[in-house]
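In what follows, a single structure is set out as structure tokens and then discussed.
Every heavy atom of this structure was used, including side-chain atoms; hydrogens, water molecules and symmetry mates were not. Note that ligands are numbered from 1 as they come in the structure, with each ligand's atoms numbered from 1 the same way. All figures in this text were calculated on a predicted structure; none of them were measured in a lab.
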Amino acid sequence: MRVGIIGGGLMGREAASCFGRWFALADVPVRAELVAVCDLREDLLEWFAQVPTVQLRTTDHSELLAREDVDAVYVAVPHHLHEKIYCDVLAAGKDLLAEKPFGIDLAAARRIADAAKASGRFVRVSSEFPFAPGAQQAIEFVRADKLGRVLEIHSGFLHSSDLDPDKPANWKRQAATCGEIGVMGDLGMHTVHVPFRLGWKPQRVFAQLQKGYAQRPDGKGGTVECDTWDNATLTCDVEIDGQTVPMRLEQKRLAPGQTNSWYFEAIGTEGGVRYNTRDANTFFTFDNSKSPGWTREDLGHATPFPVITGGIFETGFPDLNLQMWAAYATERADQLNDRFGCATIDEAVASHELFAAALESNEKKAAVEL
Ligand SMILES: NC(=O)c1ccc[n+]([C@@H]2O[C@H](COP(=O)([O-])OP(=O)(O)OC[C@H]3O[C@@H](n4cnc5c(N)ncnc54)[C@H](O)[C@@H]3O)[C@@H](O)[C@H]2O)c1
């Protein structure tokens, strides 16, 4: 799988590092190689000069898309550019790993989805955390019907760096480039991926949205207005086995003490699971037939796509990203079988439906039906 990257910033370089250690994957049927990169910033293109497989570094994404030696393209650019660049990738006949939120708003997401389906290309959306060993165990626990009657579901993704008022703003702090959905566009796909895959789609949502600092340094000696929602707490109703179950989805940039904490928790009458990437090696379950309390288990490096890494080591974000890329390459080769796949187009559009309803709910201060 010969890959091109459009957008070589934070995430573009993370992807490059995955291809750089692809050999750590023990039995993925595809070899992945980075062959071309596009970014507007010369300093970033310079960084990619150290990647020996890269044949093209350009500031013009159409030049990258014209190349015959690019099979699949990863696009990691600001949200207002998603629709144009994703559609260009598809029109060029390339497969796509799109970054979330898959367009700046619901209308854009639906247009991209239409273009993707019409193109017949293989398209998936980035979301790494479900590939964590603890997340995989939690999914297995739920699928094995160990919860009994589901009582509540909590899923969230928490950052704290916006608590620093001196942190310079970037495009993620402005609705024009990040989207009106703000933090939900940044963190929301991560919180809904597992619940959606388990079939837990909200019927209605009550949203409480909060803004952060209205002004921040612009990094050039001045200040800039910041108008995005920083915290979003969505309380949803989900229908499971004829019962209405509360599901709380938290997306926050103002969560004290949380650096990059992705968590998932499901509690039922018979059992429960709890996992948080902040404690990457720790997995909690309870089995009510044995004890009403929680049992703690150490996980090690039990990733869904085996790697040469010793089983006793802990996982971190770059490991999960490599796992996600392994899933993308394996599913693209039609060899995923029953393993967990990347977020789908339909899941991304459904996330936008939820976030649009959340905006409406917050505006009306009322629950909104989906
Ligand atoms: N999956 C994750 O865990 C995760 C984490 C962070 C960000 N993201 C997503 O990744 C995407 C990018 O975020 P980021 O944090 O990497 O941002 P970033 O600002 O670090 O990088 C974006 C890059 O896009 C480049 N760019 C802008 N316009 C371009 C154009 N027309 N052609 C080529 N390059 C262009 C910029 O120069 C910049 O280097 C967003 O969709 C964001 O939501 C995902």
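The ring pair (Phe, Tyr, Trp, His ring centres under 6.0 Å) test applied to F313 returns no partner, not counting sequence neighbours. Considering only residues two or more places apart in sequence or on other chains, D114 meets the side-chain hydrogen bond (donor to acceptor under 3.5 Å, both in side chains) condition with none of them.
Distances between N or O atoms of R41 and those of ligand 1 include no value under 3.5 Å.
Short contacts between ligand 1 and S126, defined as distances under 4.0 Å to a heavy atom of the residue, involve ligand atoms 1 (N). The distance from ligand 1 to the heavy atoms of H82 drops below 4.0 Å at these ligand atoms: 41 (O). With ligand atoms numbered from 1 in the order given, ligand 1 contributes 14 (P), 15 (O) to contacts under 4.0 Å with heavy atoms of K172. Residue-ligand proximity, H190 to ligand 1, at heavy-atom distances under 4.0 Å covers atoms 1 (N), 2 (C), 3 (O). If you number the atoms of ligand 1 from 1 as listed, the ones under 4.0 Å from a heavy atom of F317 come out as 3 (O). Each of the following atoms of ligand 1 lies closer than 4.0 Å to a heavy atom of G9: 20 (O), 21 (O), 23 (C), 39 (O).
We find that R2 and E33 are not joined by a salt bridge, their nearest charged nitrogen and carboxylate oxygen being 4.0 Å or further apart. At a threshold of 4.0 Å, the pair K211-D162 does not count as salt-bridged, since none of the basic side-chain nitrogens sits closer than that to a carboxylate oxygen.
Residue contacts with ligand 1 for N170 are absent, since no atom lies close enough (heavy atoms, distance under 4.0 Å). Contact annotation: for L81 versus ligand 1, heavy atoms closer than 4.0 Å belong to the side chain alone.
If you check which protein heavy atom lies closest to atom 38 (C) of ligand 1, you get D39 OD2, 3.4 Å.
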Problem set entry | Residue pair H193, F157: steps toward the ring-ring contact (aromatic ring centres under 6.0 Å, His included) verdict | CA-CA 12 Å; H193 188 179; F157 195 20; over 10 Å; no
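When each of L65, V3, L64 is checked for a side chain to side chain contact (heavy atoms under 4.5 Å, CB included) with K94, only L65 meets the rule.
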